[in-house]
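All remarks here apply to the structure that follows.
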Amino acid sequence: MGAVKSPTSRPKIGFVLSGGGSRGAYEAGIIHYLRTDLKKRLGYHVPIDIVSGTSVGAINAAFMAATQSDPDSQAEQMVSAWRALRIEELISLRARDVMRAAKMMLGGDPPPPAPGSFRYGGLLDTSGLERFVLRVIPWRGIDRSLRSKHLHAISVSATHVGTGHTVVFLSSAEPVPREWSRDPFVRHRAARIGPRHVLASAAIPMLFPAVKIGNEFFTDGGLRQNTPMSPAIRLGADRLLLISLRHVAQQPKEIQRERTEAYPKPLFLAGKALNALMLDHTEYDLQRMQRINMILEAGHASFGDKFESMMNHELVRLRGAPLRRIHTVHIRPSEDIGRLAADFVRAGRMRVDGLIARKMISRLAAGETKHESDLLSYLLFDGDFASELIELGRRDAAKKEDELAALFDITHRQGSEGEPRLEKVE
C-alpha cells in the first residue's frame, strides 16, 4: 500500500453517505471502486478522514470506520456482506408478522416491548437486520481507527422521536467543537458510536421500530438530514465525496403516464412519500453549498485575500462557524433504482423462501407501477439485487474517475491557505 500523508499535512477528506434502505449497496460499489481501480491509478489508497452517514449510510459509515485500518480488505468485506443478504433473514415475513402489521395499520397498538428490549413500534420485525449489523461490523474497530489516527471522526444522524429534532452522534479523535450549530432543530452529542446509534439512524419511519438510546427513542435520520454534509464540514472536512441514492433525469412519457394512473394506490403513494422524506433534500443542500462557494470566490476576486478572514470573524460570532470553500465530487445513480427493483422482481430473480414472503413482495411490486417500485427498493435486501447496485456504483464511479483522482490528490495543496479554489458539483 502506498504511503498516505497524515491529515495534519494535507486537506481533510470527508465521505458523506446518504440513506435509502437496500439502495445502500450502491454506496458499497463506489467504495469498492475507490479501493481497487482508483488505488491502482493513484498508487495509494485514498485517504478518508471523516465519515458521515444517515440511515443505511450510517451502517456503511460504521463499517468503513471500523475497518479503516485495513483498506486492502475493507471494500471486499463490505461487498461480500451485501451480496450475502437474504430478505427473510433480515425482515421477518411470517404470517403472524403480516397480521401484526395489518392490525397496527388499522389503528392497533404495537405489542409492548420485551423486558430489556431497545426497540418499539414499526410495522416490520427487523430483529434479523439488527443481528446482521451486530455480527458484520467489527465494532471495536471504530475506537481502534480513531486512536490510531486512521480516522479523524465519524458521525451518524438520527431523529429524536419526542421532538422531531435531528441529533448528530459523534465519535472523534479530537474534542468535538463546542459550537456546533445555531439551528434549533439540530443537536450534537459526543458518543462512543455503537450498534444502537446506527440502528436508530437506519430505522425507516413507520416500517422499522424506533430504537432506544438511554431513555429516549430515535428513528431514521433521513427525515431531516438524509445527506449529512454539514456534520462532515463542521468536523473539519476540506473536501467531500458525496454519494446520494436518487436518480435525476427526465422520465419517459410511458413512466409519467403510469405514475398518473397509479396515483391513488396506497403503496405508490408510500413509495413517493419515502422519496420525498429521504431522498429529495440533496439537491437543495448541494445548491446551497455551490452558492456559498461562489460567494467566497467572488469576494476573493473583488476584495482580495482578506475578504474571507474579515467576513468569517463576524460570522463566527453570529453562527458559531466560518464559511469555507469545499471541493466536492457528487456521485448519484445513473439509473432509477426504483425501476431496477421492479424489473428485478418481475423477472423472477428474487431469492426468498416461504409462500407468504413471496406473495408480500409480489404485492409490493404490483402495488406501485409496472416499471417503478420505490417502496420495494428500500426493502429489497437481496444479495443478487445488491450485486446489481454494486456494479452500478462501480460504473458511475468510473465515469467520475478524473474528478475523484483530483479530489483525493494529496501530493500538493491548492488555492489560498491550502484549500481547493473551486467546488465540483453537478
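Atom set for the values below is all heavy atoms of this structure, side chains included, hydrogens, waters and symmetry mates excluded. Here the structure is a predicted model, which is why all the values come from computation and not from measurement.
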Exercise: do [X] and [Y] side chains pair donor with acceptor under 3.5 Å:
{"X": "H32", "Y": "R394", "answer": "yes"}
{"X": "H247", "Y": "E335", "answer": "no"}
{"X": "S155", "Y": "S52", "answer": "yes"}
{"X": "Y26", "Y": "D396", "answer": "yes"}
{"X": "W82", "Y": "N60", "answer": "yes"}
{"X": "Q68", "Y": "S145", "answer": "no"}
{"X": "S73", "Y": "D70", "answer": "yes"}
{"X": "S244", "Y": "H330", "answer": "yes"}

Validation row: [X], [Y] side chains within 4.5 angstrom (heavy atoms):
{"X": "H327", "Y": "L407", "result": "yes"}
{"X": "V56", "Y": "S22", "result": "no"}
{"X": "L90", "Y": "L85", "result": "yes"}
{"X": "F185", "Y": "T166", "result": "no"}
{"X": "L340", "Y": "L389", "result": "yes"}
{"X": "M78", "Y": "M64", "result": "yes"}

With rounding to the nearest 0.5 angstrom, report the [atom1] to [atom2] distance, [X] to [Y].
{"X": "I295", "Y": "M311", "atom1": "CD1", "atom2": "CE", "result": "7.5 Å"}
{"X": "L17", "Y": "L241", "atom1": "CG", "atom2": "CG", "result": "8.0 Å"}
{"X": "I331", "Y": "L242", "atom1": "CD1", "atom2": "CG", "result": "9.0 Å"}

Spell out, as yes or no, whether a donor-acceptor pair under 3.5 Å connects the side chain of [X] to the backbone of [Y].
{"X": "R196", "Y": "K212", "answer": "yes"}
{"X": "R246", "Y": "G20", "answer": "no"}
{"X": "S377", "Y": "G338", "answer": "no"}
{"X": "T159", "Y": "D220", "answer": "yes"}
{"X": "R332", "Y": "L245", "answer": "no"}
{"X": "H152", "Y": "L235", "answer": "yes"}
{"X": "S171", "Y": "I193", "answer": "yes"}
{"X": "R239", "Y": "I13", "answer": "no"}

For this session: Could you walk me through whether R187 and V168 pass the side-chain contact (heavy atoms from CB on, under 4.5 Å) test, one step at a time?
Result: CA-CA 6 Å; R187 294 289 182 267; V168 182; over 6 Å; no
Any salt bridge between [X] and [Y], counting N to O under 4.0 Å?
{"X": "D49", "Y": "R10", "answer": "yes"}
{"X": "R192", "Y": "D143", "answer": "yes"}
{"X": "E130", "Y": "R135", "answer": "no"}

Might you point out which heavy atoms bring [X] and [Y] nearest each other, and give the distance in Å?
{"X": "A75", "Y": "R35", "value": "CB-CB, 3.8 Å"}
{"X": "A62", "Y": "I154", "value": "CA-CD1, 3.8 Å"}
{"X": "I50", "Y": "L151", "value": "N-CD1, 4.3 Å"}
{"X": "S201", "Y": "S55", "value": "OG-N, 2.8 Å"}
{"X": "A28", "Y": "V79", "value": "O-CG1, 3.8 Å"}
{"X": "I410", "Y": "P47", "value": "CG2-CG, 3.7 Å"}

Exercise. Do H45 and D72 pass the side-chain contact (heavy atoms from CB on, under 4.5 Å) test, and can you show the C-alpha distance, the side-chain angles, and the key distance before you say yes or no?
Worked result: CA-CA 8 Å; H45 275 298; D72 286 317; 2.8 Å; yes
For this session: Could you please spell out the steps behind the side-chain contact (heavy atoms from CB on, under 4.5 Å) verdict for I59 and V136?
Result: CA-CA 10 Å; I59 296 176; V136 170; over 6 Å; no
For this session: Kindly say whether the aromatic ring centers of F208 and Y378 come within a distance under 6.0 Å.
Result: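 Distance test on ring centres: not under 6.0 Å, no.
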Exercise. Given the rule in the side-chain contact (heavy atoms from CB on, under 4.5 Å) test, do I243 and V16 qualify, once you have shown the distances and angles that lead to the verdict?
Worked result: CA-CA 6 Å; I243 304 176; V16 180; over 6 Å; no
